[in-house]
There are 2 protein chains.
Amino acid sequence: MRLSTKGRYAVTAMMDLAIHEPKGPVTLAEISRCQSISLSYLEQLFSKLRRENLVRGVRGPGGGYRLAKPADEISIAQIIAAVDEKVDSTCGGDAGCDEGNTCLTHELWCGLSKRIYEFLDGISLKDFLSRPAVQDVIQRQNSASNRPAFPLN
Amino acid sequence: MRLSTKGRYAVTAMMDLAIHEPKGPVTLAEISRCQSISLSYLEQLFSKLRRENLVRGVRGPGGGYRLAKPADEISIAQIIAAVDEKVDSTCGGDAGCDEGNTCLTHELWCGLSKRIYEFLDGISLKDFLSRPAVQDVIQRQNSASNRPAFPLN
DNA sequence: TATAAACCAAGTAAATTAGTCAAGTATTAT
DNA sequence: ATAATACTTGACTAATTTACTTGGTTTATA
């Protein structure tokens, strides 16, 4: 488990999708504009998210991306794991330490790493949707058309 | 909060210190050899750990590093925060999104980030010391002299 | 058919991580 | 005192990862 800006981008983008879910697909161009991330970088991230079956692309005009499953089946851990290259990390085994203490600390780290994963796996996108502030946004979007007639490009 | 190999190095090195605490100071050279991390890189990391008052250097022959406080007062979060440069990360505020949804997702991320920190702050080095496998090592080191008469350099 | 979107791939720039080198300073054993 | 040990600091380099760029191709809608 690894935690960097890359993972943050992916998670916030997924939150965006989750929030807009009732409204329909969200385009990467919108996310790019809103979150100030380059479009092509988003494309790369979403290509990985798609490969892990977390999002589904809808092609053509009016298309975009939406969640591939219900928000309560998508955990933060899944999102981060999807975009991070798995650097299998520890316990190469070739260290050759005096007393085997080496692999003891490695083992301890693995244990910690596992706990972090489990922690993040216990938090789903739906947990965010339940926040009052988010609910407000969803309400607003359902009640009125928010697409401006002349979108700024 | 950020989680990378850098933080892992710091945490495993600190585990090492905690395990050897009863025996006395641990030299960076030993950690370098055992964990296959370059000595100078360790020096950089430990310089940061010392600045945050997590370790204490003992100079002169027979010297090394030891924990600056009891193992139950040092959390994983503290260690990782010490070696990571704080990239204050989110909510630059200059994005200028249509409906303020931007800062909503940022806010959600900040909430998550805080929860991760709290989680890691709830895990102390002492938690590792309580593991049976670690206790064995400490026992072995207390009972017999482990320093070889002719250390390999 | 024109357009708006996802999709794809190769390459580049910037940032971070990791390691190296070198010249110190402090401490202790002898 | 002196030498050995070990920490301290800074500047520099290489490798890796992150982020972005460019230039396309498909696909679906209108």
Side-chain angles (χ1 to χ4, degrees), chain A residues 2-13 17 20 24-33 35-68 80 82-89 92 147 150-153, chain B residues 2-13 17 24-33 35-51 54-66 68 80 82-89 92 147 151 153:
Chain A
R2 196 157 160 186
L3 213 58
S4 63
T5 50
K6 198 173 183 177
R8 192 183 77 217
Y9 284 160
V11 171
T12 51
L17 257 56
H20 293 89
V26 181
T27 70
L28 293 190
E30 281 172 303
I31 298 178
S32 167
R33 213 177 326 118
Q35 313 240 21
S36 318
I37 313 172
S38 101
L39 178 60
S40 313
Y41 192 44
L42 274 175
E43 280 174 350
Q44 283 175 39
L45 297 181
F46 271 75
S47 140
K48 290 178 181 178
L49 293 171
R50 203 174 64 86
R51 236 172 283 149
E52 297 293 325
N53 199 38
L54 297 177
V55 298
R56 199 159 48 79
V58 181
R59 293 180 147 190
Y65 278 99
R66 54 189 354 184
L67 300 181
I80 293 175
V83 297
D84 279 353
E85 357 281 324
K86 4 259 161 211
V87 194
D88 64 310
S89 70
R147 304 235 181 209
F150 300 98
L152 319 159
N153 71 326
Chain B
R2 196 158 160 183
L3 213 59
S4 64
T5 50
K6 198 174 185 177
R8 192 182 79 218
Y9 284 160
V11 170
T12 51
L17 257 54
V26 181
T27 70
L28 293 190
E30 282 174 302
I31 298 178
S32 167
R33 211 177 328 118
Q35 312 239 23
S36 317
I37 313 173
S38 101
L39 178 59
S40 313
Y41 193 44
L42 274 176
E43 282 171 351
Q44 285 175 38
L45 296 181
F46 270 74
S47 139
K48 290 179 181 178
L49 293 172
R50 204 176 63 87
R51 235 172 283 151
L54 296 177
V55 299
R56 198 160 49 80
V58 180
R59 295 178 144 189
Y65 277 99
R66 57 186 354 181
I80 293 174
V83 297
D84 277 354
E85 357 281 322
K86 7 255 159 214
V87 195
D88 64 311
S89 68
R147 306 233 179 212
N153 70 327

Visitor: Specify the closest pair of heavy atoms between B/Ile80 and B/Arg2, including all atoms of both residues, with the distance to one decimal.
Guide: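 In this case the closest contact between B/Ile80 and B/Arg2 is CG2-O, 3.1 Å.
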Visitor: Rounded to whole angstrom units, what separation is found between the CZ atom of B/Arg50 and the P atom of C/dT25?
Guide: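 Computing the B/Arg50:CZ to C/dT25:P distance gives 16 Å.
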Visitor: Ignoring hydrogens and angles, answer whether the base of D/dC7 and the side-chain atoms of B/Glu43 contain a donor-acceptor pair closer than 3.5 Å.
Guide: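 Check fails, no donor-acceptor contact within cut-off.
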Visitor: Verify the contact: side-chain N or O of B/Arg56 to OP1 or OP2 of D/dC7, cut-off strictly under 4.0 Å; return yes or no.
Guide: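 For D/dC7, neither OP1 nor OP2 has a side-chain N or O of B/Arg56 closer than 4.0 Å.
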Visitor: Let me know the distance between CD of A/Glu30 and P of C/dA5, rounded to the nearest Å.
Guide: 8 Å
Visitor: From the options C/dT28, D/dT17, D/dA11, select the nucleotide whose nearest atom is closest to the side chain of B/Pro61.
Guide: C/dT28
Visitor: What is the distance from CZ of B/Arg51 to C1' of D/dT9, rounded to the nearest Å?
Guide: 10 Å
Visitor: Between P on C/dA6 and CG on A/Leu17, what's the gap in Å once rounded to a whole number?
Guide: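 The answer, rounded to whole Å, is 10 Å.
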Visitor: Just the rounded figure in Å: distance from P of D/dA19 to CG of A/Leu42.
Guide: 11 Å
Visitor: For C/dC7, does OP1 or OP2 lie under 4.0 Å from any side-chain N or O of A/Tyr65?
Guide: yes
Visitor: Look at A/Thr5 and D/dA19 and indicate whether a side-chain polar atom (N or O) is within less than 4.0 Å of OP1 or OP2.
Guide: yes
Visitor: I need the minimum non-hydrogen distance between B/Ser32 and B/Ser38, along with the two atoms involved.
Guide: OG-C, 4.1 Å
Visitor: Indicate, with a heavy-atom threshold strictly under 4.0 Å, whether A/Gly57 touches base, sugar-phosphate, or nothing.
Guide: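 If one applies the 4.0 Å heavy-atom cut-off, A/Gly57 turns out to touch the sugar-phosphate alone, with no base involved.
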Visitor: Do A/Phe46 and A/Leu17 touch side chain to side chain, with heavy atoms closer than 4.5 Å?
Guide: yes
Visitor: Could you check which of D/dA11, C/dA6, C/dC8 has an atom nearest any side-chain atom of B/Gln44?
Guide: D/dA11
Visitor: On a heavy-atom basis, which atom in A/Ala29 and which in A/Leu39 lie closest, and how many Å separate them?
Guide: N-CD1, 3.8 Å
Visitor: Choosing from C/dG19, C/dT17, D/dT18, which nucleotide comes nearest the side chain of B/Arg2?
Guide: C/dT17
Visitor: Measure from the side chain of A/Arg59, starting at C-beta and using heavy atoms only, and say which of D/dT27, C/dT20, D/dT21 lies closest.
Guide: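 It is D/dT27.
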Visitor: Measure from CG on A/Leu3 to C1' on D/dT18 and round the result to the nearest Å.
Guide: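 For the pair A/Leu3 CG and D/dT18 C1', the rounded distance is 15 Å.
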Visitor: B/Asp84 CG to C/dT17 C1': how many Å, rounded?
Guide: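 Distance, rounded to whole Å: 11 Å.
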Visitor: Taking the side chain as every heavy atom from C-beta outward, state whether B/Tyr41 and B/Lys6 have any atom pair closer than 4.5 Å.
Guide: yes
Visitor: With sugar-phosphate meaning primed atoms plus P, OP1 and OP2, does A/Ile37 contact a base, only sugar-phosphate, or nothing at under 4.0 Å between heavy atoms?
Guide: sugar-phosphate
Visitor: Which one, D/dA11, D/dT21, D/dT18, comes nearest to the side chain of A/Tyr41?
Guide: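 Looking only at side-chain atoms, A/Tyr41 lies closest to D/dT18.
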Visitor: Go through the steps for A/Arg51 and A/Ser47 under the test side-chain contact (heavy atoms from CB on, under 4.5 Å), then give the verdict.
Guide: CA-CA 6 Å; A/Arg51 236 172 283 149; A/Ser47 140; 2.6 Å; yes
Visitor: Can you find a side chain N or O atom of B/Ser40 that sits less than 4.0 Å from OP1 or OP2 on C/dC21?
Guide: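 B/Ser40 to C/dC21 OP1/OP2: no side-chain N or O under 4.0 Å.
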Visitor: Between atom OH in B/Tyr9 and atom P in C/dT17, what is the gap in whole Å?
Guide: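 Interatomic distance, OH of B/Tyr9 to P of C/dT17: 12 Å.
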Visitor: Where each residue is assigned the nucleotide of DNA chain C containing its nearest heavy atom, which of A/Gly63 and A/Ser47 is assigned the position nearer the 5′ end?
Guide: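 Upstream on the strand: A/Gly63.
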Visitor: So which nucleotide from D/dT9, C/dT20, D/dT18 ends up closest to the side chain of A/Lys6?
Guide: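 My answer, after comparing the listed nucleotides, is D/dT18.
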